[in-house]
Undergrad: 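A single structure is presented below for examination.
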Number of protein chains: 2
Amino acid sequence: MTPTALSEGAPDPVEDFLKRRKKATINDVASLARVSKKTVSRVINHSPSVRAETRDQVNAIIARIGFKPDPQARGLAFRRSFLLGLVYDNPNAQYVINIQNGVLDCIRGSGTELVVHPCDKTSPDFIDEIRDFVELQRLSGVIVLPPIAENRQLLSALDDLDVPYVRITAMPGEENTPPIASTQVVSRDRMGCRAAAEHLADLGHSRIGFISGPAGYASARQRRQGFDEGLTGRGLTLDPVLIVQGEYTFESGYLAGKALLSQSPRPTAIFSSNDEMAVGVYKAAAEQGLSIPDDLSVVGYDDAPIAARVTPGLTSVRAPIRDMGRAAADALIAENRKDSTIFDTTLIVRQSTGPAVLAFKP
Amino acid sequence: MTPTALSEGAPDPVEDFLKRRKKATINDVASLARVSKKTVSRVINHSPSVRAETRDQVNAIIARIGFKPDPQARGLAFRRSFLLGLVYDNPNAQYVINIQNGVLDCIRGSGTELVVHPCDKTSPDFIDEIRDFVELQRLSGVIVLPPIAENRQLLSALDDLDVPYVRITAMPGEENTPPIASTQVVSRDRMGCRAAAEHLADLGHSRIGFISGPAGYASARQRRQGFDEGLTGRGLTLDPVLIVQGEYTFESGYLAGKALLSQSPRPTAIFSSNDEMAVGVYKAAAEQGLSIPDDLSVVGYDDAPIAARVTPGLTSVRAPIRDMGRAAADALIAENRKDSTIFDTTLIVRQSTGPAVLAFKP
DNA sequence: TTGTATGCGTTATCAC
DNA sequence: GTGATAACGCATACAA
């Protein structure tokens, strides 16, 4: 039925309403559609127990007056908001925004919005602060990033709040011992590091430096383990003298690189547990007049934007971080909640790695 | 008064309540404090018309049972949420997260949370989409980033919504012609670029390449203008042949650098309108066997993390981006709403710039 | 200074 | 299948 087909004398109540230019509420829809609020509510929430005819009629009104349910009122009644929370204490801005972009990819147009909430894991009321955030905002889901995704206190607090949450981690299962039983989005850090080790071994390197991540980080453990496995597979082992602990920062990578390169004989290759530190190694190498990859091969982890920008391009292990963010959000938004998702990591070979024979001048 | 001091026979109603382990509401506070909901509400909202005695008594109960007003219910009644929106369509992840971190610095502990909402300025319903977001979430404030902070359609849409909003821009006032009259957080892009030009001129450079930002970007115009001013002050001018337009991306910087360096005589210095492109110039220079700064001086803009990480360190103009994010949030949160804030930019000299005399071998 | 009744916009209960 | 009424948790208008 077209509105203009109505008798000219009686003005269309819908047109009448539109002239008022007021934000439409469920009441307006109800009265214009000549049904009760509850019926409108049923239509909004796709309740099956509405006659098709009624439903279409209500939907027509909704479309005409441009009604959108108020998330706050809806949330109040539902006892939950339509917000996802991103909780992290991670100094790597690039990592955080990659995840964030993935999450945003997923929720775009879904009616759910993303609230970002960094925190300070060294604060005494770190847990309470997050608990308040989640509880107060009545989040419909929470995404937790490493390293606090490995914090058992936090996890059990989230369990208590019984809010759906997803952890992003580097090791499947490991920290999921009871009572923690959350969904995980996992990257196979070991896999890519194994490939990195094999790549270096195949280039003839045997004197290889290793810059690890900070103690207590699952990613640091996994990368170390993967690298070990790769070397072992090639009949090599990591010389304890050539292992330096870094902090995932540029500065720590620089210092570690300096320390490694001052040894005699010096390593012909260095694996750095992230790109940030790898670029620190670049600086250390430049200071010593060493050229990459001729005098020294370098491999990083993350395949951060900087890896493709430095000269020479940095060979690095890529994890599909944005995809992981997307998967995390999807696990929280999707109807049928998924189990954990696991992502492979792959070695991206650029120009920072070359044959050991060139570098071997003791 | 200590609770335990009460008569042992009559159990403390507060203790009684705490045993129930239910989330406290304003009703609980009211009944335990033996006042009406309204009085509790007054205390929460710091109404002056509450007797100090009553206030303290209510606050005591609030503290004991750990009551926190529900933002959703509060928002519903207030007709606004306690959320700030960050709206942007900016490919520079580092920039976005810097702003974001500044905003988060400011709102931490304020009870306000940040909702990030990227958008697509090329989409046909770009404006509508943002309007819906702001209206539906009843945001208490919006922060708009460049380049869409210069989009008049968007600005007037925000004006219509009469939501407090702050724009982050590179040029004070310019695009604030009526009816737009929003608060601005401004960086003096020209200032730093003027300094960059002077720096290069003082090093003896006169054949200087200039890589601009994309057409239509206020920042691109301002940086160009500042650089011009700086050269003019030193009796130099920009050779049109040595001006190439970039897109603020690494790739576009690489191509622009390649084009500039293929000229004969080639420039002895290149100013790039952001760091991303400047690093592209590094790559182009390396390919041509040119060493920085001996054969070529390079200056960037942003002082992004990468500027300090590449070798040699990139001389770059620094804008206090995080501070600007903080200022933007502050303008929206603070009691007495501020006017626009303007931030200076400064030249950070590193190792990528040197005397022209060395580079001058035509 | 304090309380009562009512509204904010939606959903849940339980009738019909 | 549909509707009247009471939540949801808090704020405002108006009295007292």
Undergrad: Calculate the interatomic distance between B:Arg80 atom CZ and C:dG9 atom C1'; express it in whole Å.
TA: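 Nearest whole value for this atom pair: 18 Å.
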Undergrad: Touch check for B:Val35, heavy atoms < 4.0 angstrom, all strands: base, sugar-phosphate only, or nothing?
TA: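 If one applies the 4.0 Å heavy-atom cut-off, B:Val35 turns out to touch the sugar-phosphate alone, with no base involved.
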Undergrad: Measuring from the side chain of B:Pro69 (C-beta onward, heavy atoms only), which nucleotide among D:dT2, C:dC8, D:dC10 has the closest atom?
TA: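 It is D:dC10.
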Undergrad: Let me know the distance between CD of A:Glu53 and C1' of D:dT2, rounded to the nearest Å.
TA: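 So the two atoms are 14 Å apart, to the nearest Å.
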Undergrad: Please list, by residue number, the residues of residues 23-31 of chain B whose heavy atoms come closer than 4.0 Å to an atom of DNA chain D; answer none if no residue qualifies.
TA: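 Heavy-atom cutoff 4.0 Å gives B:Thr25, B:Ile26.
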Undergrad: Out of C:dT2, C:dT10, D:dG9, which nucleotide sits closest to the side chain of B:Leu76?
TA: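 Among C:dT2, C:dT10, D:dG9, the one nearest the side chain of B:Leu76 is D:dG9.
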Undergrad: Please state how far atom NZ in A:Lys37 lies from atom P in C:dG7, giving the value in whole angstrom units.
TA: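 After rounding, the gap between these two atoms is 11 Å.
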Undergrad: Going by atom types alone, do A:Gln72 and B:Gln137 pair a side-chain donor with an acceptor below 3.5 Å?
TA: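 Not at all, the side chains of A:Gln72 and B:Gln137 share no donor-acceptor pair under 3.5 Å.
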Undergrad: Using whole Å, report how far CG of B:Asp56 lies from C1' of C:dT1.
TA: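 That distance rounds to 15 Å.
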Undergrad: When you measure from the side-chain N and O atoms of B:Arg51 to the phosphate of C:dT2, is any distance below 4.0 Å, counting only OP1 and OP2?
TA: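 Yes, B:Arg51 has a side-chain N/O under 4.0 Å of OP1/OP2 on C:dT2.
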Undergrad: From C:dT11, C:dT2, D:dT2, pick the nucleotide closest to the side chain of B:Val50?
TA: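 Nearest to the side chain of B:Val50 among the choices is C:dT2.
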Undergrad: By nearest atom, which of the nucleotides D:dG3, C:dT11, C:dT2 is closest to the A:Ser36 side chain?
TA: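 So the side chain of A:Ser36 is nearest to D:dG3.
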Undergrad: Assess the side chains of B:Arg64 and B:Asn59: does a donor N or O sit below 3.5 Å from an acceptor N or O?
TA: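 No, no side-chain donor-acceptor contact under 3.5 Å.
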Undergrad: Would you say the side-chain atoms of B:Asp89 pair up with the backbone N or O of B:Lys121, donor to acceptor, closer than 3.5 Å?
TA: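 Confirmed, B:Asp89 side chain pairs with B:Lys121 backbone.
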Undergrad: Please state how far atom NZ in B:Lys68 lies from atom P in D:dC10, giving the value in whole angstrom units.
TA: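 Rounded to the whole Å, the gap is 13 Å.
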Undergrad: What's the CD-P distance between B:Gln57 and C:dT1, to the nearest Å?
TA: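 In whole Å, C:dT1 P lies 16 Å from B:Gln57 CD.
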Undergrad: Can you check whether A:Ala149's main-chain N or O pairs, donor with acceptor, with A:Arg167's side chain at less than 3.5 Å?
TA: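 Pair found, side chain donor or acceptor close to backbone of A:Ala149.
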Undergrad: Taking CZ from A:Arg74 and C1' from C:dT10, how many angstroms apart are they, rounded to a whole number?
TA: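 These atoms are roughly 8 Å apart.
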Undergrad: Would you classify B:Ser49 as touching base, sugar-phosphate or nothing, given that sugar-phosphate means primed atoms plus P, OP1 and OP2, and contacts are heavy atoms under 4.0 Å?
TA: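 If one applies the 4.0 Å heavy-atom cut-off, B:Ser49 turns out to touch a base.
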Undergrad: Hey, what do you get for CZ (B:Arg138) to NZ (A:Lys23), rounding to the nearest 0.5 Å?
TA: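 Reported value, rounded in 0.5 Å steps: 4.0 Å.
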Undergrad: Counting any heavy atom closer than 4.0 Å, what does A:Arg79 reach on the DNA or RNA strands: base, sugar-phosphate only, or nothing?
TA: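 It contacts sugar-phosphate atoms only.
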Undergrad: Does the A:Ser340 side chain pair with the main chain of A:Gln184, one donor and one acceptor, at a distance under 3.5 Å?
TA: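 Confirmed, A:Ser340 side chain pairs with A:Gln184 backbone.
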Undergrad: Which listed nucleotide (C:dG9, C:dT11, D:dC14) is nearest to the side chain of A:Ser41?
TA: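 Nearest to the side-chain atoms of A:Ser41, counting from C-beta on, is C:dT11.
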Undergrad: Nearest 0.5 Å, please: how far is OG1 in B:Thr183 from CG in B:Asp330?
TA: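 Between atom CG of B:Asp330 and atom OG1 of B:Thr183 there are 11.0 Å.
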Undergrad: For residues B:Asp120 and B:Thr122, is any side-chain donor paired with an opposing acceptor at under 3.5 Å?
TA: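 Side chains of B:Asp120 and B:Thr122: pair found under 3.5 Å.
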Undergrad: Assess whether one donor atom and one acceptor atom, taken from the side chain of A:Arg42 and the base of D:dG3, lie less than 3.5 Å apart.
TA: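 Answer yes: a donor N or O sits under 3.5 Å from an acceptor.
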Undergrad: Just compare C:dG7, C:dT11, C:dT2 and give me whichever is closest to any side-chain atom of A:Ala77.
TA: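 Among the listed nucleotides, the one closest to the side chain of A:Ala77 is C:dT11.
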Undergrad: Nearest-Å distance, CD1 (A:Ile44) to P (C:dT10)?
TA: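 So the two atoms are 6 Å apart, to the nearest Å.
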